[in-house]
Amino acid sequence: MSALFEPCTLREVTIPNRIWMPPMCQYSAAPEGPLAGVPHDWHFAHYAARATGGAGLVVVEATAVSPEGRISPYDLGIWNDIQAEAFRRITGFLSAQGTVPAIQLAHAGRKASTERPWKGGGPLGPLEHGWQPLAPSPVAFDDAHPVPDELTVDGIRRIVERFAAAARRALDAGFEIAEIHGAHGYLIHEFLSPHSNHRTDAYGGPYENRTRFALEVVDAVRAVWPDDKPLFFRISATDWLAEGGWTPDDTVRFARELHAQGIDLLYVSTGGNASGARIPVGPGYQVPFAARVKAETPMPVAAVGLITEAGQAAKIIANGEADAVLLGRELLRNPSWPRLAARELGGAVRVPEQYHRSV
Ligand code: FNR
């Protein structure tokens, strides 16, 4: 049987297989008022379908630790108790199906305050539920985005506290795993990369300073996240820039440090921080970056990005390139992909009793 269908234990949490759903924003929450950032029927149906389809782990989409940390005004949030309480319906259902519920904690930095992608995705002003974004340096993502406000050291400290408060609420909401979003050109990645971080204080300049904010967030979250529960970090392994960006060598070095700070799994994306980057997108194009971290560090890794075929996924695990695979758009197309992959490869995932006649 393919190792895809073997359980994966991290700390005291056992994930029943290695086919996982990565976070994917639904941009479907209310933009303001008492229900701002609160998950509702759409989110429940969306996550429930992937649990009944057999995914071993479902990572709830980028969920903002503060209102100005949302990518769009329609993002989920976990900065108040109403939001945390509403997640219980999702975590309870996922857990009852044997799927481990995880949540990605996020701050969008200079890429905040944008329209939903299907409405163009452009920056939004204050009259359209938008706000002024914050970032390490007053450098716009591209010509279409506004110049963000530079965070003060006090502002940085407050965001670190927001991540910790969000993790505490995520725990109350029933999540088994928290994930810190350090990828795709959002706030933490903006600090890591010299392309977006031009600071001259303790948070900018050399590698040790650019990684400081990320490590402070990791420490603050790890301090409130129980020892028996795993903590993940998502990273963009490269900015895809010839010079002046975050590099795969930086990622390997940082993976060792994150492992020492109590991160239990790194999942490895690329890009998102440099508007001019040229990215050679193709099947499994990010897998080599995950494989390199796995080969050169003690950190467990998950691979993501254009993994769509059962045989391809099984090979990534069999070759030791990653400990798990994450399928994004393929699970949007087909929530039952894990069940069909099990049938194709002769493995098994949990099938709800109600569906026993379809096994
Ligand atoms: C994403 N992605 C993403 N990544 C992330 O870290 N947090 C997020 O909230 C989102 N949101 C999101 C929304 C939608 C609609 C898509 C399609 C993607 C990226 C996602 O997790 C994944 O890395 C990519 O989709 C690549 O994997 P696939 O789709 O090729 O399997």
Side-chain angles (χ1 to χ4, degrees), residues 4 18-29 37 39 42-43 46-47 49-50 53 55 57-65 69-78 87 90 102-109 111-112 114-121 166 170 175 177-190 192 214 217 232-238 240 265-273 279-290 301-310 312-313 316 322 324-335 337-338 341:
L4 258 187
R18 286 139 194 272
I19 305 169
W20 302 352
M21 179 185 179
M24 285 180 283
C25 285
Q26 299 298 294
Y27 309 105
S28 297
W42 173 261
H43 305 93
H46 168 67
Y47 292 113
R50 278 73 206 180
L57 175 86
V58 163
V59 188
V60 166
E61 67 202 77
T63 300
V65 300
R70 292 171 295 174
I71 301 166
S72 85
Y74 308 93
D75 289 16
L76 293 181
I78 191 151
F87 277 113
I90 295 174
I103 184 168
Q104 186 181 53
L105 305 176
H107 192 297
K111 287 168 71 175
T114 59
E115 182 50 284
R116 291 157 288 190
W118 56 86
K119 300 239 175 190
F175 287 101
I177 297 176
E179 171 182 313
I180 296 168
H181 195 351
H184 300 165
Y186 298 115
L187 186 66
I188 291 176
H189 186 178
E190 290 162 21
L192 293 177
V217 170
F232 291 1
F233 192 96
R234 185 166 197 174
I235 198 159
S236 282
T238 174
W240 295 108
L265 181 134
L266 191 69
Y267 70 88
V268 184
S269 275
T270 65
N273 195 36
I279 305 180
V281 176
Y285 72 107
Q286 296 179 145
V287 175
F289 297 97
V301 301
V304 61
L306 285 177
I307 300 167
T308 57
E309 305 288 337
Q312 175 196 18
I316 291 166
V325 291
L326 298 138
L327 284 81
R329 287 161 292 179
E330 199 56 25
L331 279 171
L332 295 186
R333 290 180 198 110
N334 181 2
W337 192 96

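Counting convention: from 1, in listed order, for ligands and their atoms alike. Side chains included, hydrogens not; waters and symmetry mates left out as well; all remaining heavy atoms used.
- On a distance-only criterion, Leu326 and ligand 1 share no N/O pair closer than 3.5 Å.
- The shortest N or O to N or O distance between Pro23 and ligand 1 is under 3.5 Å.
- Atoms of ligand 1 lying under 4.0 Å from at least one heavy atom of Pro22, given by number and element, are 21 (O).
- Under the 4.0 angstrom criterion, atom 24 (C) of ligand 1 counts as lacking any protein heavy-atom contact.
- Looking at Gly328, Ser236, Gly305 and measuring to atom 26 (C) of ligand 1, the nearest heavy atom belongs to Gly305.
- Annotation: the span from Cys25 atom SG to Arg70 atom CZ amounts to 12.0 Å, rounded to 0.5 Å.
- In summary, the side chains of Glu61 and Tyr47 do present a donor paired with an acceptor at a separation below 3.5 Å, with no hydrogens or angles considered.
- In terms of polar-atom proximity, Ala62 is counted as a contact of ligand 1, with an N or O under 3.5 Å from an N or O of the ligand.
- The residue from Met21, Gln286, Met24 that puts a heavy atom closest to atom 14 (C) of ligand 1 is Met24.
- The distance from ligand 1 to the heavy atoms of Gln104 drops below 4.0 Å at these ligand atoms: 5 (C), 6 (O), 7 (N), 8 (C), 9 (O).
- Here the CG-CZ distance, from Leu331 to Arg333, works out to 10.0 Å after rounding to the nearest 0.5 Å.
- Across Arg329, Glu179, Arg234, Gln26, heavy-atom proximity to atom 22 (C) of ligand 1 is greatest for Arg234.
- A cation-pi arrangement is found for Arg116 relative to Tyr74, the charged atom lying closer than 6.0 Å to the ring centre and inside a 45° cone about the ring normal.
- Side chain of Thr270 to main chain of Thr238: no donor-acceptor pair is present (N/O by atom type, distance under 3.5 Å, no hydrogens or angles).
- With respect to atom 11 (N) of ligand 1, the closest heavy atom belonging to the protein is Cys25 N, 2.9 Å.
- Proximity of His184 to ligand 1, defined as any heavy-atom pair under 4.0 Å, is confined to the side chain (atoms from C-beta onward).
- Taking any N or O of His181, backbone or side chain, at least one lies under 3.5 Å from an N or O belonging to ligand 1.
- Close N/O approach between Leu327 and ligand 1 is not found [any backbone or side-chain N/O within under 3.5 Å].
- Atom CH2 of Trp337 and atom CD of Glu309 lie 8.0 Å apart (nearest 0.5 Å).
- A distance of 14.0 Å separates CE of Met21 from CD1 of Ile19, quoted to the nearest 0.5 Å.
- Using cut-offs of 30° and 60° on the angle between ring planes, the pair His181 and His184 is perpendicular.
- Residue-to-ligand polar distances keep Glu61 apart from ligand 1: every N/O pair is separated by 3.5 Å or more.
- No donor-acceptor pair closer than 3.5 Å links the side chain of Glu179 to the backbone N or O of Phe232.
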